[in-house]
Amino acid sequence: MGSRTIAVELKGVTFLYGREPILQDIDLTIYEGEYIVVIGPNGGGKSTFLKLLLGLLEPTEGKISLFGRPPREVSHLVGYMPQNVHQNSDMPLRVLDIVLQGRLQRGKYRFTREDERVARESLEMVGVGGLAERKISTLSGGERQRTLLARALATQPRMVVLDEPTAAVDMEGQRQIYRLLHSLQMTRIVVSHDINILLEGVDRILYINRELVVHESIDLDLHPSGHFCEIDLLQELRCKHE
Amino acid sequence: MSEFFTLFAPSLIAALLLSLLIAIAGSLMLLGRYSYIAAAIAHGSYGGVGLALLLGLPILLGTTLFALLLALLLAYITYRSPQRSDLLIGTIWAVGMSLGILFIDLTPGYRSDLLGYLFGNILLLESGDLLFLAVVDLLLIAALLLYRHHFLALAYDRDFAQVRGIRVGRIHTLTILLLALSVVASIRAVGLILVIALLSIPPFIAERLSRNFLEMVFLAALLALLFTGTGLFLSYWFDLPATATIILTAAVGFMLFTIGRR
Ligand SMILES: Nc1ncnc2c1ncn2[C@@H]1O[C@H](COP(=O)(O)OP(=O)(O)OP(=O)(O)O)[C@@H](O)[C@H]1O
Ligand SMILES: [Mg+2]
């Protein structure tokens with residue numbers, strides 16, 4: 001992999017919430033175009049890891065670079081989908097308005113027709129094109145999640161960072177989204193608790209659980225390498241394959 | 001009836017200007033969940049009233065500067081951890097009011113008009129007050145036209161806005177500064193204590209009936225005008241204190257709306 005461009009690099013990264021260590025001494029390189037799935041138990045630090053990559057949190061120790069720069073300077077190149085949004089109950093926003101937020105930039109004050117076209121196209125891509133004019137507060141959980149995914153895609157990013165994009169999505173929707181993720185060429189970092197996501201074209205899997213840090217495996221679905229012997233979840237997965 | 005209009009002409013202009021202010025500032029406050037911060041600024045500004053008296057400054061000037069200072073302080077405190085700053089906000093609120101009481105006590109002489117800053121009187125506005133309201137209205141309109149997508153993006157999902165490269169800290173600070181100006185501009189009309197209620201009710205109702213932000217602002221302005229107009233008229237007709245009647249009218253409107261929605 002030596003000659004490939006680096007998308008994300010972590011060197012000796014440690015992160016503490018107050019005094020509680022969440023991630024410790026992580027070294028990791030992610031290359032452009034890779035499809036990475038992040039797994040691990042609740043509270044393991046997956047969302048924290050993503051926020052560090054995006055510059056939403058600063059590492060307590062160590063250094064993170066995104067496309068060779070400090071994350072805060074280039075995070076606009078990333079399509080981010082948070083795990084959840086604590087929205088007011090009745091915000092006067094349509095689904096389209098939410099997706100258009102993906103087109104917002106520093107110093108940009110109005111949206112163009114092109115922005116709207118991209119936003120509608122993103123909604124189509126995740127299967128909710130028909131919801132564009134609905135008020136966001138009237139959506140179901142899965143519909144809202146697809147909207148947030150569309151918003152991430154509408155940024156036309158160089159990389160997507162998705163925090164459990166299918167947690168509330170129905171089976172057919174999940175399949176559709178996995179297929180979509182598989183077909184994208186850009187760097188993809190996706191947190192998931194759904195084992196099915198591992199079946200489609202994933203390059204590497206990160207297992208994040210606090211101090212257990214990050215385990216890596218390459219082409220797991222092709223060559224189960226034994227790196228993950230201690231991880232039950234993946235044992236199960238391998239059983240499925242064999 | 002025509003006597004009502006001649007007598008109340010300045011108050012009606014004030015009501016108009018105030019309604020616009022309520023609609024924009026109130027909507028920003030409600031969507032971004034800035035109510036507590038705005039309330040802290042409103043009450044804390046009493047320190048500015050006291051300080052102005054003590055130093056012999058024009059009261060509105062002193063209060064404005066003091067409120068802007070509080071706004072900057074609050075913006076700084078709440079930027080990093082918006083959720084965990086309740087206690088600090090509450091403290092600033094109380095310290096501001098206490099300073100006001102202290103400074104006024106230290107100032108020789110007794111000022112009977114101070115109650116006016118607590119409860120306001122929309123019937124006693126002077127042309128300077130109206131001008132102040134108009135200027136703040138213009139600032140609010142400009143901010144709304146320029147930054148409305150940014151305000152909304154922050155209100156809906158601050159993390160995402162930051163990832164997009166929006167200068168979240170600046171928008172946050174701008175919002176709080178605008179709220180501070182709005183509060184001070186409406187003090188003479190509605191008073192420190194009542195202003196938050198009037199900023200909250202029309203946008204709250206409007207939010208529930210609107211599909212987009214501009215619609216919400218527009219509807220909030222109409223509602224604010226309805227409440228202030230009705231309040232003024234009732235106060236004239238039944239010889240009641242105007243500002244209190246306006247607030248109570250808004251409260252009744254709010255109750256009717258809530259019941260009607262069930
Ligand atoms: N703002 C915060 N302050 C203090 N602790 C926090 C904060 N946010 C998260 N934590 C803690 O950090 C740990 C890691 O949280 P994180 O959200 O990264 O977990 P996760 O792996 O994404 O879990 P899940 O699968 O439930 O989404 C958890 O124990 C959580 O309680
Ligand atoms: Mg998480």
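In the text below, chain A, chain B and the rest are named by the order of the sequence lines, each starting its count at 1.
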Evaluate whether atom [atom1] of [X] has more than 12 neighbouring non-hydrogen atoms of other residues, nucleotides or ligands under 6.0 angstrom away.
| X | atom1 | result |
| --- | --- | --- |
| A:Arg72 | CZ | no |
| A:Lys108 | NZ | yes |
| A:Gln185 | CD | no |
| A:Arg117 | CZ | yes |

Answer key: most heavy-atom pairs under 4.5 Å with chain B among A:Arg94, A:Gln105, A:Arg103 is A:Gln105
Between A:Pro71, A:Pro92, A:Gly107, which residue shows the highest count of heavy-atom pairs closer than 4.5 Å to chain B? A:Pro92
Separation between CD of B:Gln162 and NE2 of A:His76, rounded to the nearest 0.5 Å: 13.5 Å
Between A:Leu100 and chain B, with a heavy-atom cut-off of 4.5 Å, which part of the residue counts as in contact: side chain, backbone, both or neither? neither
Inter- and intrachain pairs under ring pair (Phe, Tyr, Trp, His ring centres under 6.0 Å), touching residues 11-41 of chain B, at least two apart: B:Tyr34-B:His172, B:Tyr36-B:Trp93
Considering all heavy atoms, the nearest [X]-[Y] contact:
| X | Y | value |
| --- | --- | --- |
| A:Gln101 | B:Arg164 | O-CG, 3.8 Å |
| A:Tyr109 | B:Leu146 | CD2-O, 3.1 Å |
| B:Asp159 | A:Leu56 | O-CD2, 3.6 Å |
| A:Tyr80 | B:Phe160 | O-CE1, 3.2 Å |
| B:Arg167 | A:Arg106 | NH2-NH1, 3.3 Å |

By number, which residues in residues 209-220 of chain B have some heavy atom less than 4.5 Å away from chain A? B:Ser210, B:Arg211, B:Asn212, B:Phe213, B:Met216
Under a 4.5 Å cut-off applied to non-hydrogen side-chain atoms, are B:Leu152 and A:Asp97 in contact? no
Does any non-hydrogen side-chain atom of B:Asp157 lie less than 4.5 Å from one of A:Arg151? yes
Could you walk me through whether A:Phe111 and B:His149 pass the ring-ring contact (aromatic ring centres under 6.0 Å, His included) check? CA-CA 9 Å; A:Phe111 296 119; B:His149 297 304; 4.4 Å; yes
